[in-house]
There are 2 protein chains.
Amino acid sequence: MKTAPEPARADEPRWLTDQEQRVWRSYIEATTLLEDHLDRQLQRDAGMPHIYYGLLVKLAESPHRRLRMTELAKSAKITRSRLSHAVARLEKSGWVRREDCPSDKRGQFAVLTDEGHEVLRRHAPGHVDAVRQAVFDRLTPEQQESLGEIMRIIAEGLEPSEAGADLPWLR
Amino acid sequence: MKTAPEPARADEPRWLTDQEQRVWRSYIEATTLLEDHLDRQLQRDAGMPHIYYGLLVKLAESPHRRLRMTELAKSAKITRSRLSHAVARLEKSGWVRREDCPSDKRGQFAVLTDEGHEVLRRHAPGHVDAVRQAVFDRLTPEQQESLGEIMRIIAEGLEPSEAGADLPWLR
DNA sequence: CAGACTTGCTTGAACTATCAACTTCTGCCG
DNA sequence: CGGCAGAAGTTGATAGTTCAAGCAAGTCTG
């Protein structure tokens, strides 16, 4: 199974140091455990995975509780395809409905239904509790701030817009 | 915020402050983007998702390149069921094989094959690069250390062993 | 040593994610 | 206008995840 003899990589790669490896392993472990934990909590209590819950929250925060599909996808950092499937499922559950966009016939709005809003209202406390217990209650204020900054940096580096991010003269 | 008849929850929940919300949103965005990014990179280059790659790494680091299924699952922070499916797939790809455990007839070893080791060798540099670019190259040494500590704390709080962690008299 | 319980691991069904088409519509350029 | 590139969103096939249930082998208890 020869795929390629390492093209575009002349010299020895910069392996992670022991310290970096420890950090990275901790990152993987924490994120794996936390995602799993929140998914399980929300699946059990609210009947949907964490990311679907996040979609409902985004809609609830939006004017008229609605958002164009593409906007919602961008905001949740997922592909349009994934969102399409997700909204289909949320529609089946009665928590979201689609509406045509009058100004662009290709467009669709995802709209939070009253039922969807109610589900959110009912399960938000439990979810906040879970997040608190797993994260905020265990960190000092300094660590919380640091976490925010670090995550902001990582996210920025991965934004799809990154392509042009090194062309500051275009901004 | 009137949340009215909240059953099984006497007092008003402790909502996240604005600051906490910002941190939390950054966390979700960064982890979503990063997981996606690494999955895509490894799927494209090595033909497997990130977590599968992690399993091969664990095996490679283990004595005789083998680990009991349960050990591997614990170490990767996933369920045995998920591991079972994963190993089945890795077996099909020829990167892992199963072996019976002589001392416990219920037991199975997952063993990294030579092909598996080769795949790892070939694609490790690209993966390390991706991790560096997304994370370590963007953080100061202090931030790296802070990230490690924070993630360690979160992971510890979510270890399955947590159940008995507040019953020290049992230890 | 029988029975009950636990551990180790697997299985199948239902669900979710990904990837590559595909449809429809918009904006643009001549 | 006519044509065409690109955007918005969906779809279906394939792959991965979850959950509950299951089997078989080990362990404990009386």
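In the text below, chain A, chain B and the rest are named by the order of the sequence lines, each starting its count at 1.
Of the possible donor and acceptor atoms, none in the side chain of A:R80 sits under 3.5 Å from a partner among the backbone N and O of A:M69. Checked by atom type and distance alone, the side chain of A:S146 never pairs as donor or acceptor with a backbone atom of B:S146 at under 3.5 Å. Judged by distance alone, the side chain of A:T113 and the main-chain N or O of A:G94 form a donor-acceptor pair under 3.5 Å.
Within the 4.0 angstrom heavy-atom criterion, only backbone atoms of the sugar-phosphate kind lie near B:I51; the bases stay farther away. B:D36 comes within 4.0 angstrom of the backbone, heavy atoms only, and of no base.
The separation between B:E35 atom CD and D:dG16 atom P is 14 Å, rounded to whole Å. Nucleotide D:dT17 holds its C1' atom 17 Å from the NE2 atom of A:H50, rounded to whole Å. One atom, CG of B:L33, and another, P of C:dA17, lie 15 Å apart when rounded to the nearest Å. Rounded to a whole Å, the CG atom of A:L72 is 14 Å from the P atom of D:dA8.
With hydrogens and angles ignored, a donor-acceptor pair under 3.5 angstrom links the side chain of A:S81 to the base of D:dT11. Taking only distance into account, the side chain of A:H85 meets the base of C:dT18 through a donor-acceptor pair shorter than 3.5 Å.
Comparing B:T70 and A:P49 against DNA chain C, the residue whose closest nucleotide sits nearer the 5' end is B:T70. Comparing A:D39 and A:V87 against DNA chain D, the residue whose closest nucleotide sits nearer the 5' end is A:V87. Along DNA chain D, the nucleotide closest to A:R68 and the one closest to B:R82 are compared, and the more 5′ of them pairs with A:R68. Projected onto DNA chain C by closest heavy-atom contact, B:Q43 and A:R89 fall at different nucleotides, the more 5' of which corresponds to A:R89.
Residue B:E91 qualifies as enclosed at atom CD: its count of foreign heavy atoms under 6.0 Å is above 12. Residue-environment remark: CD (B:Q43) exceeds the threshold of 12 foreign heavy atoms within 6.0 Å. No more than 12 heavy atoms of other residues, nucleotides or ligands sit less than 6.0 Å from atom NZ of A:K74.
The phosphate of C:dC19 has neither OP1 nor OP2 within less than 4.0 Å of any side-chain N or O from B:R44. In terms of phosphate contacts, A:R80 brings no side-chain nitrogen or oxygen within less than 4.0 Å of OP1 or OP2 of D:dA7. Checking the phosphate oxygens (OP1, OP2) of C:dC19, a side-chain nitrogen or oxygen of B:R40 falls inside 4.0 Å.
Residues B:M48 and B:V87 fall within the same hydrophobic cluster, defined by Ile, Leu, Val, Met, Phe, Trp and Tyr side chains chained together at heavy-atom separations under 4.5 Å.
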Can you pull every protein N or O that's under 3.5 Å from an N or O on nucleotides 24-29 of chain D?
unit_1	atom_1	unit_2	atom_2	d
D:dG26	OP1	B:K105	N	3.2

